[in-house]
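Each chain gets a letter, A, B and so on, in the order the sequences are listed, and its residues count up from 1.
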Amino acid sequence: MDEEIHERVRDTIKSIPRGRVATYGDVADISKAPSPRLVGRILQEDGHDLPWQRVLKADGTCAPHLRDEQLQLLREEGVMSLDGKVNLREYRWEEARKEEPPGLF
DNA sequence: TACTTGACCGTAA
DNA sequence: ATTACGGCCAAGT
């Protein structure tokens, strides 16, 4: 059922290491969720006990209503942001990186 | 049943 | 930088 997706998404987010971040798309991809939007919705409903601050949008920004608190939490674990944006090339979770489509280059 | 909304993504102008 | 559009999937109205 989609309950399984729900748990896989939570599980994936729980496994993001401290000091690293992943995008909604990464989490959706790794947890085999059908779309990134579902990840956002699961976080809204069941994300209170997860390291939700490590999940960012694809361009390295946060959801608008969380921006300040999220950036502060990230800063406490060593993730620096510039003008409200995190440099994904520096902080993106390695497990998420390998989900990128092969055959480039 | 149909339409709207959301912690989204990618592309285009 | 911003807006707009299509795609995505589940929940709310």
Report summary line: Residues passing the salt bridge (Lys or Arg N to Asp or Glu O under 4.0 Å) test with A:D59, sequence neighbours excluded, are none
Requested in this report: Go through residues 34-49 of chain A and report each residue with a non-hydrogen atom lying under 4.0 Å from DNA chain B, sorted by number.
Outcome: A:P36, A:R37, A:G40, A:R41, A:L43, A:Q44
Query raised in the report: So which pairs with a foot in residues 38-58 of chain A pass salt bridge (Lys or Arg N to Asp or Glu O under 4.0 Å), sequence neighbours left out?
Result: A:R10-A:D49, A:R41-A:E45, A:R54-A:E77
Query raised in the report: In whole Å, what separates the C1' atom of B:dG6 from that of C:dC8?
Result: 12 Å
Query raised in the report: Using the P atom in both, what is the distance from B:dA7 to C:dG7, to the nearest Å?
Result: 22 Å
**Report entry** A:E90: side chain to side chain contact (heavy atoms under 4.5 Å, CB included) partners, not counting sequence neighbours
**Finding:** A:N87
**Report entry** side chain to side chain contact (heavy atoms under 4.5 Å, CB included) against A:S31, all qualifying residues, sequence neighbours excluded
**Finding:** A:R8, A:V9, A:T12, A:V27, A:A33
Query raised in the report: Which residues satisfy the side chain to side chain contact (heavy atoms under 4.5 Å, CB included) test with A:L73, sequence neighbours excluded?
Result: A:W52, A:Q53, A:E69, A:E76
Requested in this report: Rounded to the nearest 0.5 Å, what's the gap from CG on A:D11 to CD1 on A:I5? Could you check?
Outcome: 13.5 Å
Report summary line: Between the NZ atom in A:K85 and the CZ atom in A:R67, the distance rounded to the nearest 0.5 Å is 11.5 Å
Query raised in the report: Looking at residues at least two apart in the chain, or sitting in another chain, which of them share a salt bridge (Lys or Arg N to Asp or Glu O under 4.0 Å) with A:K14?
Result: none
Query raised in the report: Taking the hydrophobic residues Ile, Leu, Val, Met, Phe, Trp and Tyr, and joining any pair whose side-chain heavy atoms are under 4.5 Å apart, which ones share a cluster with A:L88?
Result: A:V21, A:L56, A:L71, A:L74, A:V79, A:M80, A:V86, A:Y91
Requested in this report: Write down the distance between NE2 (A:H6) and C1' (C:dA11), rounded to a whole number of angstrom.
Outcome: 13 Å
Query raised in the report: Residues two or more places apart in sequence or in another chain: which of them pass side chain to side chain contact (heavy atoms under 4.5 Å, CB included) with A:R37?
Result: A:S35
**Report entry** A:D59 CG to C:dT2 P, straight-line distance once rounded to whole Å
**Finding:** 11 Å
Query raised in the report: Can you name the salt bridge (Lys or Arg N to Asp or Glu O under 4.0 Å) partners of A:D68, sequence neighbours left out?
Result: none
Query raised in the report: Tell me, which of residues 60-87 of chain A have any heavy atom that sits under 4.0 Å from an atom in DNA chain C?
Result: A:K85
**Report entry** Leading and trailing nucleotides of DNA chain B with any atom under 4.0 Å from heavy atoms of chain A
**Finding:** B:dG6 to B:dG10
Query - A:E4 CD - C:dA10 P separation (whole Å) - result: 13 Å
